[in-house]
Amino acid sequence: MNVLIIGANGQIGSRLIRQLKQEGRHTVKAMIRKAEQENELRAAGVEPVLANLEDSVETLAQAMQGCDALVFTAGSGGSTGLDKTLLIDLDGAVKTMEAAEKAGVKRYVIVSAMQAHNRENWSEEIKPYYAAKHYADRMLESTGLDYTIVRPGGLTNDPGTGSISAAENLEPGSISRDDVAAVIAALLEDRRTYRQAFDLTSGETPIGEAFGV
């Protein structure tokens, strides 16, 4: 597959690129905002695509031309205001869904947040972030895309264990960013995960067994 990573410079996106390059099964493209980031990506064997989540749907659709799959790992980050949460985590995500449909990209994987589908379990401290994720996920579910919504628990920089728990609803837990990237890589071609959404934490099930790869 020709896979476009949105949020390629983020902590999960950069790990996913490394994972996919190591596996060697897919062609990897990385959507970036700054031209000065291009050379480093090309040196790593990754094709850069210049675009911004605040661009138009048409511009984003052009950036996706020729791709088979899209992974949305972007986020506004904790240092920005609520305006960027709205523009990136919600509207930016929805624009990529619209763009994917325009560009004919059917496979779409999004990194959401644990229990984003259950309002009563949202953290009070970052409730606007959860609201953005909630409605972005709901918009994705209303599309005709072959989506998978991955809702990881608390993210750590610990080395991946290769074992997870994945279910519609899980008790609060954490998971390494390495393992989140490995899960996304594993489910890209797994049709059983199409039009599915699940919470994700560290656990006892090997990733290969969880997703049949």
Side-chain angles (χ1 to χ4, degrees), residues 1 3-7 10-13 15-17 19-20 23 25-26 68-75 89-90 92-94 96-97 100 105-123 126-127 129-213:
M1 299 172 83
V3 183
L4 177 65
I5 312 298
I6 296 178
Q11 295 195 68
I12 292 174
R15 286 168 168 83
L16 178 59
I17 288 173
Q19 178 89 22
L20 294 177
E23 292 177 359
R25 295 205 308 268
H26 305 296
D68 306 300
L70 183 155
V71 180
F72 187 95
T73 70
D89 297 277
L90 177 52
V94 173
T96 65
M97 299 167 200
V105 181
K106 289 291 290 180
R107 185 69 172 123
Y108 189 112
V109 179
I110 192 168
V111 177
S112 181
M114 189 169 185
Q115 288 292 293
H117 59 309
N118 288 328
R119 290 187 182 91
E120 60 271 21
N121 292 332
W122 293 357
S123 166
I126 52 172
K127 187 169 279 189
Y129 169 79
Y130 272 92
K133 291 296 189 184
H134 176 84
Y135 286 103
D137 294 350
R138 287 182 63 172
M139 286 298 296
L140 182 54
E141 289 170 338
S142 74
T143 69
L145 299 170
D146 293 327
Y147 68 81
T148 303
I149 300 169
V150 180
R151 301 189 299 256
L155 295 166
T156 75
N157 289 325
D158 297 335
T161 66
S163 295
I164 60 166
S165 291
E168 182 179 358
N169 294 288
L170 290 175
E171 292 298 313
S174 62
I175 186 167
S176 76
R177 292 178 172 88
D178 285 348
D179 282 334
V180 176
V183 164
I184 296 169
L187 61 76
L188 267 176
E189 297 179 279
D190 190 342
R191 292 180 175 274
R192 294 172 301 173
T193 68
Y194 285 16
R195 303 193 69 79
Q196 300 293 321
F198 54 84
D199 288 347
L200 181 68
T201 63
S202 294
E204 302 300 323
T205 304
I207 291 171
E209 294 180 16
F211 301 105
V213 295

Engineer: Salt bridge or not between Lys133 and Asp89? Use side-chain N to carboxylate O under 4.0 Å.
Structural biologist: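 Counted as a salt bridge, because a side-chain N and a carboxylate O are separated by less than 4.0 Å.
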Engineer: How close do Ala116 and Tyr130 get, heavy atom to heavy atom, and via which atoms?
Structural biologist: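 Looking at all heavy atoms of both residues, the shortest contact is CA-CD2, 4.0 Å.
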Engineer: Give a yes or no on whether the backbone of Leu145 and the side-chain of Arg195 come within a donor-acceptor separation of less than 3.5 Å.
Structural biologist: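 Looks like yes, one N/O pair under 3.5 Å.
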Engineer: With the side chain counted from C-beta on, respond yes when Leu187 and Phe198 share a heavy-atom pair under 4.5 Å apart, and no when they do not.
Structural biologist: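 Heavy-atom side-chain distance check passes, below 4.5 Å.
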Engineer: Measure the spacing between NZ of Lys106 and OG1 of Thr143 and express it to the nearest 0.5 Å.
Structural biologist: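 Nearest 0.5 Å value for the NZ-OG1 distance: 7.5 Å.
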Engineer: If only atom types and distance count, is the side chain of His26 paired as donor or acceptor with the main-chain N or O of Ala185 below 3.5 Å?
Structural biologist: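 Pair absent, no side-chain N/O of His26 close to backbone of Ala185.
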Engineer: Measuring from atom CG of Asn118 to atom CZ of Arg151, what distance do you get when rounded to the nearest 0.5 angstrom?
Structural biologist: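 Reported to 0.5 Å precision, the distance equals 7.5 Å.
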Engineer: Do Tyr129 and Ser123 have a side chain donor and acceptor closer than 3.5 Å?
Structural biologist: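 No.
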Engineer: Given Gln11, which of Leu155, Asn157, Leu16, Thr73 fulfils the side-chain contact (heavy atoms from CB on, under 4.5 Å) condition?
Structural biologist: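 Running side-chain contact (heavy atoms from CB on, under 4.5 Å) over Leu155, Asn157, Leu16, Thr73 with Gln11 returns exactly one hit, Asn157.
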Engineer: Could you tell me which non-hydrogen atom of Gly162 sits nearest to which non-hydrogen atom of Asp179, and how far apart they are?
Structural biologist: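 Closest approach of Gly162 to Asp179, heavy atoms only: N-OD1, 3.0 Å.
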Engineer: So do Met97 and Tyr147 actually touch side chain to side chain, heavy atoms under 4.5 Å?
Structural biologist: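 Tyr147 vs Met97: side chains apart.
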Engineer: Quick check: does any side chain N or O of Ser112 sit under 3.5 Å from a backbone N or O of Ile149, one acting as donor and the other as acceptor?
Structural biologist: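 No: the side chain of Ser112 does not pair with the backbone of Ile149.
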Engineer: Where the side chain of Thr148 meets the backbone of Thr193, is there a donor-acceptor pair that is under 3.5 Å apart?
Structural biologist: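 Indeed, once roles are kept as given, a pair shorter than 3.5 Å links the two residues.
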Engineer: Just by modelled atom types, is the Leu20 backbone N or O under 3.5 Å from a matching donor or acceptor in the Arg25 side chain?
Structural biologist: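 Not confirmed, Arg25 side chain does not pair with Leu20 backbone.
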Engineer: When you check the gap from the basic side-chain N to the acidic O, do Arg107 and Asp146 get nearer than 4.0 Å?
Structural biologist: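 So Arg107 does not pair with Asp146 through a salt bridge.
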Engineer: Flag the pair His117 / Asp137 as yes when at least one side-chain heavy-atom distance between them is below 4.5 Å, and no otherwise.
Structural biologist: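 Contact flag for His117/Asp137 side chains = no.
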Engineer: Tell me the closest heavy-atom pair linking Ser165 and Glu204, and the distance in Å.
Structural biologist: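 It is OG-N, 4.3 Å.
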Engineer: Using every non-hydrogen atom in the two residues, find where Asp158 and Asp178 come nearest and quote the distance to one decimal.
Structural biologist: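 Scanning both residues completely, I find the closest heavy atoms to be O-OD2, 3.8 Å.
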Engineer: If you compare all heavy atoms of Leu188 against all heavy atoms of Ala69, which two are closest, and at what distance to 0.1 Å?
Structural biologist: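 For Leu188 versus Ala69, the nearest heavy atoms are CD2-CB, 4.2 Å.
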Engineer: So among Ile12, Val183, Leu200, which one has a side-chain contact (heavy atoms from CB on, under 4.5 Å) with Val111?
Structural biologist: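 That would be Ile12; it is the only one of Ile12, Val183, Leu200 passing the side-chain contact (heavy atoms from CB on, under 4.5 Å) with Val111.
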Engineer: Are more than 12 heavy atoms from other residues, nucleotides or ligands located less than 6.0 Å from atom CD of Glu141?
Structural biologist: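 Counting other residues, nucleotides and ligands, CD of Glu141 exceeds 12 neighbours.
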Engineer: Are any side-chain N or O atoms of Asp199 and backbone N or O atoms of Gly153, one a donor and one an acceptor, separated by less than 3.5 Å?
Structural biologist: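 Checking the backbone N and O of Gly153 against the side chain of Asp199, no donor-acceptor pair under 3.5 Å is found.
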Engineer: Please work out whether the ring planes of Tyr108 and Phe72 are parallel, tilted or perpendicular, with thresholds of 30° and 60°.
Structural biologist: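 Parallel.
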Engineer: Do Gln115 and His134 come close enough that some side-chain heavy atom pair is under 4.5 Å?
Structural biologist: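 No, every pair of side-chain atoms sits at 4.5 Å or beyond.
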Engineer: Does some side-chain heavy atom of Thr205 sit less than 4.5 Å from a side-chain heavy atom of Ser163?
Structural biologist: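 Counting from C-beta outward, Ser163 and Thr205 never come under 4.5 Å.
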Engineer: Minimum heavy-atom separation for Ala93 to Thr96, with atom names?
Structural biologist: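 Heavy atoms only, the tightest pair is O-OG1, 2.6 Å.
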